[in-house]
Amino acid sequence: MQDHERTIRRSRNWQGPWRRTPGRLLGTGLVRLYQLTLSGFVGNSCRHFPTCSEYAYEAIARHGLWSGGFMGLFRVLRCGPGGTHGVDLVPEKLEPRYVWFLPWRYWTISRK
């Protein structure tokens, strides 16, 4: 194994740059706590890629606790029986119609 291969960190969560604000740290910390504790009991049954917890982690890291939290919540609700499936990525930027005081609009963010 080469030296540069040893220094590469591997993680199941998004590794891109994001602002470490208190809300984002709290949100991503709660998602990570779920991943380390309860996720093993739930099993590998997510119908999407990335998994719902990975999606929530990235959404909170990119868009903040409020917007990312609602995006993650609605993603989990879509994952149930009769829900959606397949590749469902977090958008890099939110359209202007997705505003903090209309959180129900986040339900349709990945269903386009």
Side-chain angles (χ1 to χ4, degrees):
M1 182 178 283
Q2 304 219 356
D3 288 336
H4 70 280
E5 291 178 6
R6 287 187 208 142
T7 60
I8 296 174
R9 290 182 53 193
R10 306 254 186 236
S11 175
R12 65 188 270 182
N13 292 317
W14 185 61
Q15 295 295 302
W18 54 284
R19 294 185 323 170
R20 275 27 180 210
T21 60
R24 290 177 185 193
L25 289 172
L26 173 68
T28 56
L30 289 173
V31 171
R32 190 68 183 131
L33 180 66
Y34 163 78
Q35 289 175 340
L36 294 173
T37 58
L38 299 175
S39 179
F41 295 112
V42 175
N44 295 331
S45 60
C46 191
R47 301 159 35 130
H48 293 97
F49 176 80
T51 66
C52 293
S53 63
E54 292 168 354
Y55 182 93
Y57 185 96
E58 181 178 351
I60 292 169
R62 281 186 185 225
H63 304 296
L65 182 59
W66 184 262
S67 299
F70 273 108
M71 291 167 64
L73 171 68
F74 293 144
R75 166 67 180 276
V76 169
L77 294 175
R78 287 193 306 266
C79 198
T84 61
H85 63 279
V87 177
D88 183 14
L89 302 174
V90 176
E92 289 185 28
K93 296 194 182 243
L94 294 177
E95 296 175 15
R97 67 182 229 102
Y98 298 109
V99 291
W100 68 270
F101 53 87
L102 300 173
W104 54 86
R105 289 188 177 176
Y106 294 110
W107 174 262
T108 62
I109 203 156
S110 296
R111 297 176 59 202
K112 296 178 182 179

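Being a predicted model, the structure only gives us computed values, none of them experimental. In this chain, numbering begins with 1 at the start of the sequence shown.
- Counting all heavy atoms, side chain and backbone alike, P50 lies closest to L89 at CD-CD2, 3.8 Å.
- Linking Ile, Leu, Val, Met, Phe, Trp and Tyr residues whenever their side-chain heavy atoms come within less than 4.5 Å leaves W14 and I109 in two separate clusters.
- Between M71 and P91 the shortest heavy-atom distance is CE-CD, 3.7 Å.
- Atom CD1 in I60 sits 11.5 Å away from atom CZ in F70 (nearest 0.5 Å).
- Atom OH of Y106 is separated from atom CG of L94 by 6.0 Å, given to the nearest 0.5 angstrom.
- Residues passing the side-chain contact (heavy atoms from CB on, under 4.5 Å) test with L30, sequence neighbours excluded: L26.
- Checked by atom type and distance alone, the side chain of T108 pairs as donor or acceptor with a backbone atom of R105 at under 3.5 Å.
- For residues 37-54, every residue pair satisfying the salt bridge (charged side-chain N to carboxylate O under 4.0 Å, His left out) rule, not counting sequence neighbours, is listed here: R12-E54.
- Although no hydrogens or angles enter the test, the distance criterion places a donor-acceptor pair under 3.5 Å between the side chain of W66 and the main chain of W100.
- Among residue pairs with one or both ends in residues 57-74, those qualifying as salt bridge (charged side-chain N to carboxylate O under 4.0 Å, His left out) are E58-R62; sequence neighbours excluded.
- Contacts classified as side chain to side chain donor-acceptor pair (under 3.5 Å) and involving residues 20-37 (residues at least two apart or in different chains) are given here: N13-Q35, R32-Q35, Q35-S53.
- A donor-acceptor pair under 3.5 Å links the side-chain atoms of R78 to the main chain of W107, judged by distance alone.
- Across every non-hydrogen atom of A56 and G72, the tightest pair is CB-CA, 4.0 Å.
- Annotation: side-chain contact (heavy atoms from CB on, under 4.5 Å) contacts of V99 (sequence neighbours excluded): F101, L102.
- Contact between Y55 and R75 at its shortest, heavy atoms only, is CD1-NH1, 2.8 Å.
- Hydrophobic cluster membership differs between L73 and Y57, with clusters built from Ile, Leu, Val, Met, Phe, Trp and Tyr side chains linked at under 4.5 angstrom.
- A61 and W18 make their closest contact through O-CB, 3.2 Å (heavy atoms, listed as atom of the first residue, atom of the second, distance).
- The minimum heavy-atom distance between V76 and C52, with the atom names listed, is CG2-CB, 3.9 Å.
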